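Below: the structure, in structure tokens.
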Protein chains: 2
Amino acid sequence: MAKEIERKFLVNGQEWRSLVEDRIRIRQFYLASNEGRSVRLRISDGAVATLTLKFGLRGRERDEFEYQVPLAEAEEMMEFAIGRVIEKTRHHVSHRGRLYEIDVFGGELRGLIIAELETPEDVPASELPAWIGREVTSDPRYYNASLAHSDDVPEAVA
Amino acid sequence: MAKEIERKFLVNGQEWRSLVEDRIRIRQFYLASNEGRSVRLRISDGAVATLTLKFGLRGRERDEFEYQVPLAEAEEMMEFAIGRVIEKTRHHVSHRGRLYEIDVFGGELRGLIIAELETPEDVPASELPAWIGREVTSDPRYYNASLAHSDDVPEAVA
């Protein structure tokens, strides 16, 4: 079990692209989501499949349990996805010793770019990189579950 | 992935008790259940924890995926149970080469006994053991999800 504290931001400009340290292609979908919980399956680089159970209120802190599952079974379960299968490329960028994950969405969510910062600290705005835009942590349109279901692509401009 | 075809019956009398080959103490609970799917965690003999994802309509055939998870994490997840934690002792009895699982419920469901037969064959009534009672496979009161939620103990008498 891990406690997750995650902040989400929109992204300004393209400067971050020259800072990318590595990238992962991700396909992910929900197998269940109700009553303050979700069950998600993620396939990374078409090779590793991880089942994640999250409990607690959406937002900044929740209980999370992760288990690796066989790739072939993950692909079979894709037919049971609730909502869309999300496609995105996750880019890793470090700034002041903190890791930022920048998700560039594809498929129906093409155009959307979100940066995530996972840290137990309260990071002051002055320590965020310049390419970090408006914080959307508590904006329901940017919850992962909303992105899996909504017909509209939320705004991607900071 | 395994296809599961499962029939459920009430049980007549006590004769089956002398035929028991082994028994397992089970605690199980649901972590999610919606839209023709469920996520269940089962702890067997206080030692082995298994996460089971089931998809498809309730009744006789569904897709099932099982993963072992660390016992300590399973116990942590108990606080996120939807509905009650079911306690039962599962007894194994063979008859004509087929395995019957007889669940004797405890806790709030004390008094309830259900026999399950998992087989892809269509077993004729003449081949069922004498202690098998009324079939309740398609009676929603005996679905596992109902047993986890209902305030009433369904009838246990064949």
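The chains referred to below are lettered A, B, ... by the order of the sequence lines, with proteins before strands, and numbering in each begins at 1. Atom set for the values below is all heavy atoms of this structure, side chains included, hydrogens, waters and symmetry mates excluded. As the structure is a prediction and not an experimental result, all values here were calculated from the model.
Each of B/I43 and B/I82 belongs to its own hydrophobic cluster when Ile, Leu, Val, Met, Phe, Trp and Tyr are linked at side-chain heavy-atom distances under 4.5 angstrom. A/L99 and A/I26 fall into different hydrophobic clusters, where Ile, Leu, Val, Met, Phe, Trp and Tyr side chains are chained together by heavy-atom contacts under 4.5 Å. No continuous path of ILVMFWY side-chain contacts below 4.5 Å connects B/L41 to B/V48, so the two sit in separate hydrophobic clusters. Residues A/F105 and A/Y30 are members of separate hydrophobic clusters, defined by side-chain heavy-atom contacts under 4.5 angstrom among Ile, Leu, Val, Met, Phe, Trp and Tyr. Hydrophobic clustering (side-chain heavy atoms under 4.5 Å, transitive across Ile, Leu, Val, Met, Phe, Trp, Tyr) keeps B/I102 apart from B/I24.
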In sequence, state the C-alpha distance, the side-chain angles, and the governing distance for A/L53 and B/L31, and then conclude on side chain to side chain contact (heavy atoms under 4.5 Å, CB included). CA-CA 9 Å; A/L53 295 88; B/L31 290 171; 3.7 Å; yes
Could you go through the side chain to side chain contact (heavy atoms under 4.5 Å, CB included) check for B/F55 and A/E79 one step at a time? CA-CA 10 Å; B/F55 302 96; A/E79 72 167 291; over 6 Å; no
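Using a 4.5 Å heavy-atom cutoff, the side chains of B/F65 and A/E76 are in contact. A/Y67 has its side chain within reach of B/E73: a pair of non-hydrogen atoms, C-beta onward, lies under 4.5 Å apart.
The backbone N or O of B/F80 lies less than 3.5 Å from a partner atom in the side chain of A/R37, making a donor-acceptor pair.
Note on A/V69, A/V39, A/L51: by heavy-atom pairs under 4.5 Å with chain B, the leading option is A/V69.
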